[in-house]
Amino acid sequence: MRDAKLSTDEVSRRLLAWYDRHARVLPWRVPPGQGRADPYRVWLSEVMLQQTTVAAVKAYFERFTALWPNVKAMAEADDADVMAEWAGLGYYARARNLLACARAVVAQGGFPTDRAGLRELPGIGAYTSAAIAAIAHDAPETVVDGNVERVVARLFAVDTPLPRAKPELIALAETLTPALRPGDYAQAMMDLGATICTPRSPACGICPLLDLCAARAQGIAADLPRKLAKKPKPQRTGIVWLGWRGDQVLVETRPAKGLLGGTLAFPSTGWDGTDLPPPAAADWEPTGEVRHVFTHFELVLTVLVAEIAGEPDRGRLVSGETLDPSSLPGLMRKVWTLARADHRKG
DNA sequence: GTCCAGGCTT
DNA sequence: AAGCCTGGAC
């Protein structure tokens with residue numbers, strides 16, 4: 001199953017040479033051989049890149065660094081401002097942890113420089129701690145994200161399915177990390193996975209590791225890494241209330257924990273069968289449905305609209321003109337698009 | 001429309 | 001092991 005003769009030095013030598021020519025140019029990245037990256041920018045980019053594509057992150061990173069150019073500025077930011085800027089990027093616990101982390105870092109006088117210290121901070125796990133240590137400090141840490149798992153699974157033809165294979169893939173990846181330029185090497189591995197050793201149709205023909213790759217030799221590169229079958233998503237339903245008073249709309253901030261925690265939202269029932277009452281007494285009328293797919297279930301929300309007269313029982317009224325859809329998570333953007341069209345029709 | 005990729009927390 | 005979102009590929 002494994003190629004016992006794989007030369008680990010040869011892997012890093014080739015990857016670094018390839019990276020020197022083909023490194024992706026990214027807003028948070030310092031090109032190979034041009035000095036150290038700022039730990040704040042590495043941290044911010046790596047948190048944004050958790051479970052999120054480079055293409056989606058770029059504009060958010062530019063905006064965040066313009067608003068909050070360093071960790072002190074971020075630590076002093078208002079929670080609501082950070083949540084609003086994060087809206088649309090998903091996994092909102094990351095934004096809550098971002099603030100908690102920035103404040104902890106400022107309280108301790110700066111970012112830890114070693115992996116173990118970084119690992120203690122909110123929102124920084126095994127991957128991100130290694131990435132910051134390697135990229136910002138050129139520490140010889142092994143950085144294993146989804147790209148690296150795939151590259152290593154193919155290089156060594158590991159056919160244990162994920163997630164069971166993870167410890168094995170990490171151990172194999174550790175055998176490859178060089179003492180020289182570990183930061184560039186980590187980024188090279190991830191770039192290779194992102195641009196050549198891709199999930200569906202890997203470009204083996206132009207891969208610098210082509211002749212070292214056990215999966216390629218067996219003709220199974222595109223089949224690795226194997227993954228356990230995923231379970232089907234249940235469907236859930238709920239109601240969301242779009243209350244108007246003239247051109248004002250009723251919104252609320254969701255509870256800090258759980259689904260869409262801390263984000264701006266229109267009042268709704270729970271989405272797990274929890275049966276909350278409407279946020280205000282009114283003649284609620286259905287205007288349509290909104291569908292949204294989460295990690296573990298599909299949601300169908302019935303959108304009810306009404307003109308509300310009295311004081312709402314929960315939420316707050318804000319101007320519909322100035323409500324910025326980009327400050328809403330994706331699901332609530334859909335609700336807003338539907339309800340606003342309905343409201344304009346009258 | 002469906003499928004899939006992608007780390008941290010509890 | 002389960003909860004947590006979105007965008008791109010097909």
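Letters A, B, ... are given to chains in the order of the sequence lines, protein chains preceding strands, and every chain is numbered from 1. When reading the values below, keep in mind they use all heavy atoms of this one structure, side chains included, and skip hydrogens, waters and symmetry mates.
When each of A:Phe61, A:Tyr40, A:Trp43 is paired with A:Trp28, the ring-ring contact (aromatic ring centres under 6.0 Å, His included) condition holds for A:Phe61 and for no other.
Below 30°, between 30° and 60°, or above 60°: for A:Trp336 and A:Phe266 the angle between ring planes is below 30°, a parallel geometry. Under the 30°/60° scheme for interplanar angles, the aromatic rings of A:Trp244 and A:His343 are found to lie parallel. Between A:Phe64 and A:Trp68, the two ring planes are perpendicular [angle over 60°; tilted spans 30° to 60°].
Atom CD1 in A:Ile124 sits about 15 Å away from atom P in B:dG7, given to the nearest Å. The distance between atom CD of A:Gln50 and atom C1' of B:dA5, rounded to the nearest whole Å, is 14 Å. Following rounding to the nearest Å, A:Leu228 (CG) and C:dA2 (P) show an atom-to-atom distance of 11 Å. One can place NZ of A:Lys166 at 7 Å from C1' of B:dG7, the figure rounded to the nearest angstrom. Protein atom CD of A:Glu120 is 11 Å distant from nucleotide atom P of B:dT9, rounded to whole Å. When the C1' atom of B:dC3 is taken as reference, atom NZ of A:Lys231 falls 18 Å away, rounded to whole Å. Per the geometry, CG belonging to A:Leu98 stands 17 Å off P belonging to B:dG7, to the nearest Å. One can place NZ of A:Lys227 at 12 Å from C1' of B:dC3, the figure rounded to the nearest angstrom.
Taking a 4.0 Å limit (strictly below) on heavy-atom distances, residues 132-146 of chain A reaches DNA chain B at A:Asp145, A:Gly146.
Side-chain atoms of A:Arg94 and A:Gln50 include no donor-acceptor pair closer than 3.5 Å.
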Footprint string (nucleotides 3-10 of chain C, 5' to 3'): B base within contact, S backbone only, - free, heavy atoms under 4.0 Å: SBBBS--S
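Residue pairs satisfying the salt bridge (charged side-chain N to carboxylate O under 4.0 Å, His left out) criterion with at least one member in residues 114-135 of chain A, sequence neighbours excluded, are listed as follows: A:Arg115-A:Glu141.
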CA sep, side-chain torsions, deciding dist, call: A:Asp38, A:Arg41, salt bridge (charged side-chain N to carboxylate O under 4.0 Å, His left out): CA-CA 5 Å; A:Asp38 173 5; A:Arg41 292 166 63 87; 5.1 Å; no
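For A:Phe294 and A:His296, the gap between ring centers reaches or exceeds 6.0 Å.
Using a 4.0 Å heavy-atom criterion, one finds that A:Pro163 contacts no nucleic acid atom at all. Residue A:Lys257 is classed as having no contact, given no heavy-atom separation below 4.0 Å to the nucleic acid.
Put simply, A:Asn97 has no side-chain N or O that comes within less than 4.0 Å of OP1 or OP2 on B:dC8.
Remark: A:Glu10 engages A:Arg14 in a salt bridge, criterion side-chain N to carboxylate O under 4.0 Å.
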